[in-house]
Amino acid sequence: MSEKTILIIGGGIAGLSAGCYGRMNGYQTKIFELHSISGGLCTGWKRKGYTIDGCIHWLVGSRPGSGMHALWDELGVLNGVKIVNHEEFVRVRGTDGREFIVYTNVDRLEAHMLALSPQDAVQIKTLTGAIRKFSKFDPMQDNSSPLSGIKMLFTMLPFLGLFKKFGSLTVSEFAGGFKDPLLRQGLVDILGFPGFSLLGLIMTLAWMHAENAGYPIGGSLPFAHAFERRYRELGGEIEFNTRVEKILVENGQAVGLRLADGREVRGDRIISAADGHATLYSMLDGQYLTDELKEMYTTWPIFDPLIQVSLGVNRDLSAAPHAINVHLKKPVHIAGVERDVLSYKHYAYDPTLAPAGKTVVEVMLSSSYAYWKELAEDRERYDAAKQQVALQVIEQLEAVLPGISGQIEMVDVATPLTYERFTGNWQGSFEGWQYTKEAMSRTMQGKSISKTLPGLENFYMIGQWTEPGGGLPPALTSARAIISQICKKDKRAFVSKKTQ
Ligand SMILES: Cc1cc2nc3c(=O)[nH]c(=O)nc-3n(C[C@H](O)[C@H](O)[C@H](O)COP(=O)(O)OP(=O)(O)OC[C@H]3O[C@@H](n4cnc5c(N)ncnc54)[C@H](O)[C@@H]3O)c2cc1C
């Protein structure tokens, strides 16, 4: 049987996963990636002997035996990787010096919250009760068979009441019911998005409690490269430094790609695992936009772009809490926004990222894409603004970690434009669509974002812009589901071959 060809735009986790499953199912696959390395947003970079991690804080499916782990296992990307499950998710330090410690173990969390605010016992137990129940919810399962939907329904059945109860609330709506100001603010700070679905927060804490959302030692880049390794072992091809400009369409069928260097490549199926906006509005010239897609790209909130300040410090921080949100007594203006919270974390728990006795410290601030876009018109102003952000962050950190300014050996600042330049993501967003209560409600009604376009045959979209909430698991699962759909169309039984 001659192999049909699948052309894949983008070598992030979704594109690499599509490549792996495509190869397992006998397709010839070729990935076109604009950057010089694979991984997309799942990346890391080296500076002065330190490795800056650009992605994984927690990886759902890190626990062997969980539904999502079985899928990472199919691609072998966690083979031999040591996982760290933190005791604390984050600490929130209030202006009065009290600390709300978000323990990952729910019993510890409950006891700590009750000690902080006995008057909030009802709200606290509502939250911790839901976390306990959802820690038994394991939704990421094989999505390739016709029975998958039914299996998923059975998995969800015992939780439907909880979905209904918590799915209609945002984190800030729920937090507003707390009397204690530290808990009220601290809950919103855990993920940092007030409009985030409460259920999203509950599930995150449930995964933590179940030790199913750990951190893989080595960080994001080796994780991404494990996908590329597997893809190449399976015989897949990848072309770097190659930007796809247009998707070629003939008689309502996607038939190939036009590359930035002018070449045209033909294929039987086209998958875009690249940015959703660029795919729809630029590569397809806005020709296949449905009303729903237009609404999404004009009204749905995206994860705000970030400034990531990374510092290499000549200090062992392993005894310090790894993630803290500090409420500032006096707000500071950074990158055009008044800020009253500074969130920082360090990576002392991963010895591969810094020389012995030294640590990478990271501060992430949400920031406006337009602010940096305007600054970038003048390179000097842009660089000066980056430097200014770093200086302000260091000044604030000095109050939390006295002496740190004298121990800094490396400073690196990434802006929303950095994310855009290296990954092509719209507005520099780092995870696509926010998981709002509206998105949650759509999920509960069984509505997903369509991965095909009406009037365009042989074309598919996968990755973070096709799954609200984004993240690494949907990058893999969306790819796997599409390859299974393509197999069905080609009357082939979908197969997935686990690594030995
Ligand atoms: C700071 C940060 C923290 C995160 N933390 C977590 C976490 O803890 N857990 C988690 O699960 N997720 C996390 N994420 C999110 C996760 O990294 C992403 O959701 C996921 O990697 C998206 O994968 P993707 O393949 O869908 O898209 P991308 O990674 O964006 O990949 C798209 C690829 O397409 C390429 N491309 C774009 N346009 C073109 C073109 N025209 N031609 C050719 N190639 C093109 C890009 O270069 C890129 O490689 C985090 C992300 C960031 C930035």
Side-chain angles (χ1 to χ4, degrees), residues 1-32 38 67-68 70-77 140-153 227-239 244 247-257 265-274 279 288 448-463 466-467 473-500:
M1 179 172 61
S2 74
E3 285 187 336
K4 284 191 172 170
T5 307
I6 302 179
L7 304 181
I8 300 165
I9 311 167
I13 299 304
L16 291 167
S17 302
C20 288
Y21 288 111
R23 286 300 301 145
M24 286 180 199
N25 285 281
Y27 292 92
Q28 209 179 344
T29 56
K30 185 149 188 183
I31 297 175
F32 297 92
S38 60
M68 190 61 218
L71 301 189
W72 299 131
D73 221 17
E74 272 180 359
L75 302 188
V77 290
M140 308 286 188
Q141 288 164 1
D142 184 1
N143 55 5
S144 63
S145 84
L147 292 176
S148 315
I150 300 170
K151 272 196 220 156
M152 179 58 119
L153 194 68
F227 284 78
E228 185 187 327
R229 203 163 44 243
R230 177 77 167 126
Y231 176 59
R232 288 190 187 278
E233 280 164 11
L234 286 160
E237 288 176 64
I238 184 162
E239 203 178 304
V244 172
I247 294 160
L248 303 173
V249 179
E250 288 171 5
N251 304 319
Q253 313 227 356
V255 295
L257 303 174
V265 198
R266 313 281 290 190
D268 300 294
R269 309 270 185 259
I270 311 294
I271 297 178
S272 177
T279 302
Y288 299 91
S448 51
I449 299 174
S450 176
K451 295 178 179 57
T452 55
L453 297 173
L456 186 57
E457 281 293 301
N458 297 334
F459 175 76
Y460 308 86
M461 287 174 75
I462 56 173
T466 66
E467 301 279 346
L476 181 153
T477 54
S478 62
R480 193 177 190 275
I482 281 305
I483 295 297
S484 141
Q485 197 172 316
I486 292 175
C487 285
K488 197 170 164 204
K489 189 168 170 179
D490 290 336
K491 301 194 174 21
R492 301 177 181 193
F494 173 81
V495 289
S496 56
K497 297 177 196 156
K498 195 169 167 307
T499 45
Q500 297 314 304

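Shortest non-hydrogen contact noted between I270 and A254 is CG1-CB, 3.6 Å. Smallest separation of non-hydrogen atoms from A18 and I462: CB-CD1, 3.7 Å. Nearest heavy-atom pair, S450 versus T452, reported as atom, atom and distance to 0.1 Å: OG-O, 2.8 Å.
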Show your reasoning for whether side chain to side chain contact (heavy atoms under 4.5 Å, CB included) applies to M461 and I449.
CA-CA 10 Å; M461 287 174 75; I449 299 174; over 6 Å; no
Could you give me the CA-CA distance, side-chain angles and deciding distance for Y231 and T29, then say whether side chain to side chain donor-acceptor pair (under 3.5 Å) is met?
CA-CA 10 Å; Y231 176 59; T29 56; 2.9 Å; yes
Should L16 and I238 be marked as a side chain to side chain contact (heavy atoms under 4.5 Å, CB included) after you check the CA-CA gap, both sets of side-chain angles, and the distance that decides it?
CA-CA 9 Å; L16 291 167; I238 184 162; 4.2 Å; yes
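Evaluation of the salt bridge (charged side-chain N to carboxylate O under 4.0 Å, His left out) test over residues 10-25, restricted to residues two or more places apart or in two chains, returns E3-R23.
Taking the salt bridge (charged side-chain N to carboxylate O under 4.0 Å, His left out) definition, one finds that R229 meets it with nothing, sequence neighbours left out. The salt bridge (charged side-chain N to carboxylate O under 4.0 Å, His left out) test applied to E237 returns K30, not counting sequence neighbours. Residues satisfying the ring-ring contact (aromatic ring centres under 6.0 Å, His included) criterion with F32, sequence neighbours excluded, are absent altogether. Looking at residues two or more places apart in sequence or on another chain, you find no side-chain hydrogen bond (donor to acceptor under 3.5 Å, both in side chains) involving Y460. Partners of L453 according to the side-chain contact (heavy atoms from CB on, under 4.5 Å) rule, which considers only residues two or more places apart in sequence or in another chain, are L280, L284, Y288, L293, L456, F459. Under the side-chain hydrogen bond (donor to acceptor under 3.5 Å, both in side chains) criterion, R232 pairs with E228, not counting sequence neighbours. A search for side-chain hydrogen bond (donor to acceptor under 3.5 Å, both in side chains) contacts involving T279 returns S272, not counting sequence neighbours. Remark: S496 engages Y21, M24, E74, R480, F494 in a side-chain contact (heavy atoms from CB on, under 4.5 Å) (not counting sequence neighbours). Residues satisfying the side-chain contact (heavy atoms from CB on, under 4.5 Å) test with A475, not counting sequence neighbours, are I13, A14. The side-chain hydrogen bond (donor to acceptor under 3.5 Å, both in side chains) check on Q253 picks up N458, with sequence neighbours excluded.
Rounding to the nearest 0.5 Å gives a distance of 7.5 Å between CG of L71 and OG1 of T477. Between L476 atom CG and C20 atom SG the span is 8.5 Å, to the nearest 0.5 Å.
Two residues are said to be in side-chain contact when any heavy atoms from C-beta on lie closer than 4.5 Å; I9 and I247 meet this criterion. Between I483 and I271, the closest side-chain pair of non-hydrogen atoms falls below 4.5 Å. Within the 4.5 Å cutoff, side-chain heavy atoms of R269 are placed close to those of D490. For the pair D268 and Q28, the minimum side-chain heavy-atom distance is 4.5 Å or more.
Using a distance-only test at 3.5 Å, with no hydrogens or angles considered, a donor-acceptor pair links the side chain of R492 to the main chain of N25.
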